[in-house]
Amino acid sequence: AQSVTQPDIHITVSEGASLELRCNYSYGATPYLFWYVQSPGQGLQLLLKYFSGDTLVQGIKGFEAEFKRSQSSFNLRKPSVHWSDAAEYFCAVGSFSGGYNKLIFGAGTRLAVHP
Amino acid sequence: EPEVTQTPSHQVTQMGQEVILRCVPISNHLYFYWYRQILGQKVEFLVSFYNNEISEKSEIFDDQFSVERPDGSNFTLKIRSTKLEDSAMYFCASRVTENQPQHFGDGTRLSIL
């Protein structure tokens, strides 16, 4: 069965420091992979997606992610974190059923940013 | 930028009552979804809807749940007889084609008393 694992429940970084959020997936075929961000009281905003092609994908707000098939990973990175990046981050895989028909989410990583 | 709109933002209902959660997907989108997130847990898929019918549903989506697209713009989730465990944040999502990502609304927080 498809699944997504985000090993880190909470991460705290200092403003200006680099960030890497881990995501591992279990999926039989080439996955569609996503990172979403959820600020308190808000919905899920798409940060970036991987469908095929270049394994390093750029997203909004200065985020990037790298798809590594050999490691079944899709880690999210940002070179310099801003206080406004404090939020919860969800990795998700698209499950195929005639096109990808649903998203399977990880448990999320809550990011805190210290000034 | 067009967005998915959900109303109300917060719904408080007595156990056993019916509730309808409303969503207005992005206008040219064709695929529609409901997800829920129980407090402190992961976001879970409930149901997908395409071409005026359910294309997939999860085990959570039992006979108490139904979805409808009553007109060209709204997409609703109905829970016929709410239970305490239905308390959650419910997200609506839509996408335009198979190879495009899903766009989410801000959610409706459903509280069952």
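Throughout, a chain's letter reflects where its sequence line sits, starting with A, and its residues are numbered from 1. Just so it is clear, the structure is predicted and the values come from calculations on it, not from any experiment.
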Exercise. For A/L44, is it the side chain, the backbone, both or neither that has a heavy atom under 4.5 Å from a heavy atom of chain B?
Worked result: both
Exercise. Got a donor-acceptor contact below 3.5 angstrom from the A/S73 side chain to the A/N75 backbone?
Worked result: no
Exercise. What part of A/Q45 gets closer than 4.5 Å to chain B, counting heavy atoms only: side chain, backbone, both or neither?
Worked result: neither
Exercise. Which answer fits B/E44, side chain, backbone, both or neither, if we ask what part of it has an atom under 4.5 Å from a heavy atom of chain A?
Worked result: neither
Problem set entry | Under 4.5 Å from any heavy atom of chain A - which part of B/Y50 | neither
Exercise. Quick one: does B/N74's side chain have a donor or acceptor within less than 3.5 Å of a partner on B/V24's backbone?
Worked result: no
For this session: Decide, yes or no, whether a salt bridge links A/E66 with A/R77 under the criterion of side-chain N to carboxylate O below 4.0 Å.
Result: yes
Exercise. For the rings on B/Y90 and B/Y35, is their centre-to-centre separation under 6.0 Å?
Worked result: no
